[in-house]
Amino acid sequence: MATPKKVETKKKVSTKKTSQATTARKRRWSAYKTYKKLDLVQMDKELLAFWKKNKVFEKSVEERPKSKSFVFYEGPPSANGKPGIHHVMARTVKDTFCRYRTMKGMRVERKAGWDTHGLPIELTVEKELGITKEDIGKKISVDDYNKQCRKTVMRFTDLWNDVTTKMGYWVDLKNPYITYENNYIESVWNILQRLYKKGLLYKGYTIQPYSPAAGTGLSSHELNQPGCYKDVKDTTVVGQFKIKREEHSEFLFARENEDVRFLAWTTTPWTLPSNMALAVGKKITYVKVDTYNPYTFERVSVVLAEDLLGKWFKESNLDGDFEAFETSEKKDRSKIPHQVVEKFKGNLLVGVNYEQLLPYVKPEGDAFRVILGDFVTTSDGTGIVHIAPTFGADDKRVGEQNGIKGLTVEDENGNPTPLVDKQGKFVKEAGELAGKYVKNYKDDANYENIDVEIAVKLKTENKAFNVQKYEHNYPHCWRTDKPVLYYPLDSWFIKATAAKKRMVELNKTIQWKPAHTGEKRFGNWLENLNDWNLSRSRYWGIPLPIWRNEEGTKEICIGSIEELKKEVAFANKKLGMKQSVPKDLHRPYIDDVVLCSKDGEKLTRELDLIDVWFDSGSMPYAQWHYPFENKDKFKRNFPADFIAEGVDQTRGWFYTLHAIATMAFDSVAYKAVVSNGLVLDKDARKMSKRWGNAADPFKTIDKYGADATRWYMLSNAQPWDNLRFNEEYLDETRRKFFGTLYNTYSFFALYANIDKFNYSEKEVPLRQRPEIDKWIISLLNSLVKEVDADYADYEPTNAARKIQTFVMDNLSNWYVRLCRRRFWKGEMSKDKLAAYQTLYTCLDTVAKLMAPIAPFYADRLYQDLNKVTGKEKHISVHLAFIPKVNEKVIDKDLEQRMDYAQRISSLVLSLRKKENLRVRQPLQRVLLPILDKSFQKQVEAVKDLILSEVNVKEFEYITDTSGVVNKSIKPNFKTLGRRLGKNMKAVSQKVAGFGQEEITAIESKGGYTLDLDGEKIDLSLEDFVITSADIPGWSVANDGSLTVALDISLTESLKAEGMARELVNRIQNLRKSKDFNVTDRIKVSIEHHEMLEKAISEFGDYVKTEVLADSIELSNSIKGDKVDLDGVMLTFDVRKN
RNA sequence: UGCGGUGUGGCCAAGUUGGUUCUAAGGCAUCCGUCUGAUACACGGAAGAUCACUGGUUCGAGUCCAGUCAUCGCAACCA
């Protein structure tokens, strides 16, 4: 395609041959590479090979000075899963800015990384081995289990490396950091020790999500796996808690033997045996209601929040007939009367004691009284909350504040344990409930719902006021799909709350893209920080480097292998052992290491592992094995200038990086962060394997090429907006942007090859180049300036769109189109040289500007250009530099007048269209009303361009517009608005009423004094906006302030010329269809028709020149091709002469 | 439920500090044409939007404020 068809057909002189012939003469000339078609996929392959062979990536780092580093951190993906299209998105963002900085002369060292620990890997292994958590250490040794994990986790690394390479993401894959390696672990230990030394580590007993089915605690991250929160229907119970009649509670009793009870609602009846207290709200109003229990029909007075009365009692039964109900034989549950007898604030209830609801186990210490809870609301339940400190975080906290412990029994080892054990079943002390599971954890077909059982029991014992099914959202274990329990577990915490203030401060110095993610989402998260639960009771992860004695009174936190060695030696000496530091720091080996306190007490390792998020948050240090190695490198590379990941990392990696850096180094970990949005399918649904709508990154890249994929992703939506991924647009990107750019290059290459242009000539000074060259160079420099700024500000979308507009609209569709003739006509001249140099500069610059986003095609383009000219020594665009803007050549006036030219042309073409006058038909003149001098000057400079573009003979400016042009006037709101304020409306109405005379008067006087209800207002010419709206009797078009009229009258001569052009067109078509060579001379005979006579007589020579005809004649007897000319079929005889 | 984002023609989307030059860019798709020595994945034109809704501030609101709705994401022990 790049070479004309004729050139490719045999037997004919081809430009290729010509160029080869010349090559022989000019030895150093080599042709610009031309292509049959644009094949981005093929280009990908070639460039990948080229980059690899020439170590371009390595050079792009090493060629930049160490002193100018731009630091980027790669968030480690887990190689346990396959890469998806959203990874391509995230990595495009990362790659773009790294490449950009490289091209700004900076050294961007970027180490790949792998996140290798964590639950997903363990679960994959368990699934594949067909084992459960409980089997570890029994059916399979921890050692073998971990070996399996290590093997499993890197299984998709090939796929990841492949996608990384194919999409053109440059990152050092050869030396990645891997979180399971000893060096990495050692660094993590070191960081942890720093925190330990600052007193930021503590062990605490807290309520955590726990999966009995999986036998393990769950992190909040795990709880937030998609689909974990499910709507479930649970049996809920409103319990009746019998109040003890005491001095303190006397106010609640009126009658003798009155049965007064608290009502408290729960969705987890199985926690009722563990009830220890009831919580009320301080300011909530409670009422005592006299009524009957709906199950036992016993008379009872119940206490609940006033606001929730309507939820549990029928309005119609208020103050119903107690006596009638009492005496009726058949008690109708729906007719139970009730009466509000007492009203009081919650704080009055505090301290009231009640009887234990389900007395299986007697508690130690204080219990069964009313306390205050700040979390109590009246949006649900009864306004009184059942408190079971062993099974709720709030419960535990509020219990502790009031000196009420959780209900526990001693297990076989004498340790306190809740009434439900870690398998999720009731302990033996729980009476008839003993041994029963609280949920169906074992998939037992005969499982009986324990909640129902409890509810039934309570009903019969007059302890339930209401039992019903209730649908609510409850978390489930993502692995086992079973409901989670909130369960007390021993854990190590990082006191993140202590560093909260500093974290907030430091966060304010970070440049977030978009800003709201940092200010709001991340900011709010920091404001509501909790301590960081570090503990994971698992096997495959970094072991907690803390050794303790049994009582927990003595402990050592290890910060290096060296230190561990010393401690081991010390312990060996003290305890007479022969231990050594294991080669692998993972469990189980490390568990065997026993250390020793100074006074000779045995210390064993805390069995927990460290949360994997701590692993990844430590990567700035651990990736370099800091502080044990690479101290300089670390210094150069901390903190990061830039990181980027998906928004989902806000509370993940973005947080852990920030938290660790703040606490350990009192520094930010990154100065700028781009959080990109989700990649959705074209219907805005989340991509997931389940829907089958997930785009395969490999297929996408293989089909459209990496550049089109990357360009589409960044140009279509800003990275932080969700992207609706739609293949159609990918194809459009390829066709429109890359296709146009490719065509532009092909055009250049075609003629440059013919003319042997290799930029060896001296640069034609810009002032000697024609207007249009100055214009495109001006635009080009404006583009450089803006795109550079956009990249620097992490605004890739703006950059891409600007480049795209430049290439498609300005370079291809205007510059090249208008300049075509300059390239093909005649021998090399200064003008032609200027055209080549200008176009070359544009292409070369575009290649550099687009290189960060579209690294493949940009490099192809750059290389194809530079190989011939040798203008730059770099072998790849990625070793080159973003061009410096030349402010001097930016000419906004020029840009404006070309804009006029484009718009005026467009208006004329639109008029032609309206009047049905094809462009081939020349017209005499265009009328242009001139409203100010500078406008005329501007237009005059581009007059010829417009005329040739729209095929019109002359311009006529209407300067004295009075009487010719109908003008319209309106006030200039911008200048007047502030001045006139409220009067604006009245003025605007007056101005709207102005006729042509007034407008003319204003123009000639240069102002106007307006009378507004007696108030004189002086207005200058600037206070009006005058436009020419219409020219009576002419065909007129408007575009903003531009008005153009077209003289559509056709003289005979114009018609004839139009016909001549039609003839040229038809004859050229025939030449083409007959496969004549461009240089063949021809002779033409045309069937006689009177409409041709004048065309031939007046413009015959023109036609002959255009079509290379030696003769052209009209004749009546012609055999040849039938051709349609203005609706008449005529015979043409065109033959070689 | 709370927090945050988004809501502009069939689709993708521009739209700074409010200004009748936003009488709302551009692209895709649609329709109608055109050029043709870049033979095209080209060019031109047309049609298509009460800027989610309601109210407010203002002389003036796509733009600012409040509320509502829709949608997406995040968070959550909610009893």
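Since we're looking at a predicted model, the values are computed, not measured.
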Asks: Reckon Y751(A) touches a base, only the sugar-phosphate, or nothing at all at heavy-atom distances under 4.0 Å?
Replies: sugar-phosphate
Asks: Determine which pairs satisfy side-chain hydrogen bond (donor to acceptor under 3.5 Å, both in side chains) with at least one residue from residues 383-397 of chain A, sequence neighbours left out, and list them in order.
Replies: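 Of all non-adjacent pairs touching residues 383-397 of chain A, those that pass side-chain hydrogen bond (donor to acceptor under 3.5 Å, both in side chains) are T271(A)-H386(A), N275(A)-H386(A), D394(A)-R397(A), K396(A)-E400(A).
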Asks: With respect to the phosphate group of A13(B), does any side-chain polar atom (N or O) of N716(A) fall under 4.0 Å of OP1 or OP2?
Replies: yes
Asks: Which base, if any, makes a Watson-Crick or G-U wobble pair with C53(B), both distances under 3.5 Å?
Replies: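 In the structure as shown, C53(B) has G67(B) as its Watson-Crick or wobble partner.
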Asks: Quick check: on RNA chain B, is the nucleotide nearest M984(A) upstream (toward 5') of the one nearest A264(A), or the reverse? Name the residue that is more 5'.
Replies: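 Of the two residues, M984(A) wins.
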Asks: Can you check the distance between A70(B) and C53(B), where both ends of the measurement are the P atom (answer in whole Å)?
Replies: 15 Å
Asks: Mind checking the NZ-CE spacing from K736(A) to M808(A)? Nearest 0.5 Å is all I need.
Replies: 5.0 Å
Asks: Which nucleotide, if any, forms a Watson-Crick or G-U wobble pair with U30(B), using both distances under 3.5 Å?
Replies: A46(B)
Asks: Classify the angle between the aromatic ring planes of F994(A) and F1024(A) as parallel (below 30°), tilted (30 to 60°) or perpendicular (above 60°).
Replies: tilted
Asks: Using atom P in both nucleotides, what's the gap between G37(B) and A47(B) to the nearest angstrom?
Replies: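 Here G37(B) and A47(B) have their P atoms 31 Å from each other.
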Asks: Counting any heavy atom closer than 4.0 Å, what does V987(A) reach on the DNA or RNA strands: base, sugar-phosphate only, or nothing?
Replies: nothing
Asks: Looking at G9(B), which nucleotide sits across from it as a Watson-Crick or G-U wobble partner, both distances under 3.5 angstrom, or is there none?
Replies: none
Asks: In whole Å, what separates the P atom of A66(B) from that of G27(B)?
Replies: 36 Å
Asks: Could you check which nucleotide pairs with A14(B) in any of the strands shown, counting Watson-Crick or G-U wobble with both distances under 3.5 Å?
Replies: none
Asks: P atom, A29(B) versus U23(B): distance in rounded Å?
Replies: 29 Å
Asks: Using a cut-off of under 3.5 Å, enumerate the N/O to N/O pairs linking the protein to nucleotides 1-6 of chain B.
Replies:
residue, atom, partner, partner atom, Å
C3(B), O2', N524(A), ND2, 3.0

Asks: Applying salt bridge (Lys or Arg N to Asp or Glu O under 4.0 Å) to K513(A) and D793(A), what does each step give before you reach the verdict?
Replies: CA-CA 9 Å; K513(A) 283 288 184 176; D793(A) 197 30; 3.8 Å; yes
Asks: State the pairing partner of U39(B); accept Watson-Crick or G-U wobble contacts with both distances under 3.5 Å, and report none otherwise.
Replies: none
Asks: Taking the P atom of each, how far is G48(B) from G60(B), in whole Å?
Replies: 30 Å
Asks: Side chain of P475(A) only, heavy atoms from C-beta on: which candidate in U20(B), C78(B), U36(B) is closest?
Replies: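 Selected nucleotide (nearest to the side chain): C78(B).
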Asks: Could you label the plane-to-plane angle of the F738(A) and Y857(A) rings as parallel, tilted or perpendicular, counting under 30° as parallel and over 60° as perpendicular?
Replies: perpendicular
Asks: Roughly, in whole Å, what's the span from CG in N951(A) to P in U34(B)?
Replies: 15 Å
Asks: Is the backbone N or O of D39(A) less than 3.5 Å from a side-chain atom of Y742(A), with the two atoms forming a donor-acceptor pair by type?
Replies: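 A pair under 3.5 Å: no.
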Asks: Give the intermediate values and the outcome of side-chain hydrogen bond (donor to acceptor under 3.5 Å, both in side chains) for residues N676(A) and E645(A).
Replies: CA-CA 6 Å; N676(A) 57 268; E645(A) 298 291 332; over 6 Å; no
Asks: If the sugar-phosphate is the primed atoms plus P, OP1 and OP2 and the base is the rest, what is the B/S/- string for nucleotides 62-67 of chain B, using protein heavy atoms under 4.0 Å?
Replies: ------
Asks: On the 0 to 90° scale, with breaks at 30° and 60°, tag the W512(A)-F522(A) ring pair as parallel, tilted or perpendicular.
Replies: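 Taking F522(A) first and then W512(A), their aromatic rings sit tilted (interplane angle of 30° to 60°).
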Asks: On RNA chain B, does the nearest nucleotide to T268(A) precede the nearest nucleotide to R817(A) from the 5' side, or the other way round? Give the residue.
Replies: R817(A)
Asks: Would you give the length of the straight line joining atom CH2 of W265(A) to atom CG of L308(A), rounded to the nearest 0.5 angstrom?
Replies: 10.0 Å
Asks: Set out, line by line, the N/O atom pairs under 3.5 Å between protein and nucleotides 25-28 of chain B.
Replies:
residue, atom, partner, partner atom, Å
G27(B), O2', E732(A), OE2, 2.7
C28(B), OP1, K736(A), NZ, 2.5
C28(B), O4', E732(A), OE1, 3.3

Asks: Heavy atoms only, 4.0 Å cut-off, all strands: where does S812(A) land among base, sugar-phosphate and nothing?
Replies: base
Asks: Looking for any heavy atom pair under 4.0 Å, which part of the strands does L678(A) touch: base, sugar-phosphate only, or nothing?
Replies: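 Sugar-phosphate contact only - L678(A) comes under 4.0 Å of backbone atoms but never of a base.
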Asks: Give, for atom CH2 of W653(A) and atom OG of S675(A), the distance between the pair rounded to the nearest 0.5 Å.
Replies: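 Spacing of CH2 (W653(A)) from OG (S675(A)) equals 12.5 Å.
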Asks: Output all residues satisfying side-chain hydrogen bond (donor to acceptor under 3.5 Å, both in side chains) with N951(A), sequence neighbours left out; order by chain, then residue number.
Replies: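 Here no residue qualifies.
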Asks: Taking atom C1' in both G62(B) and C51(B), compute the distance separating them and give it to the nearest angstrom.
Replies: 5 Å
Asks: For the atom pair CG (N466(A)) and NZ (K311(A)), what is the distance rounded to the nearest 0.5 Å?
Replies: 9.5 Å
Asks: Between T267(A) and A79(B), is there a side-chain N or O to OP1/OP2 distance below 4.0 Å?
Replies: yes
Asks: Provide, to the nearest angstrom, the distance between the CZ atom belonging to R801(A) and the C1' atom belonging to G15(B).
Replies: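 Roughly 11 Å, once rounded to whole Å.
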Asks: Which whole number of Å gives the distance between the P atom of U8(B) and that of C3(B)?
Replies: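 Result for the P pair: 24 Å, nearest Å.
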Asks: With both distances under 3.5 Å as the test, what is the Watson-Crick or G-U wobble partner of U1(B)?
Replies: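 Across any shown strand, U1(B) pairs with A75(B).
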Asks: Y729(A): what forms a side-chain hydrogen bond (donor to acceptor under 3.5 Å, both in side chains) with it, not counting sequence neighbours?
Replies: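 Not a single residue meets the side-chain hydrogen bond (donor to acceptor under 3.5 Å, both in side chains) criterion with Y729(A).
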Asks: Take atom P in G15(B) and the same atom in U63(B), then report the distance between them in whole Å.
Replies: 15 Å
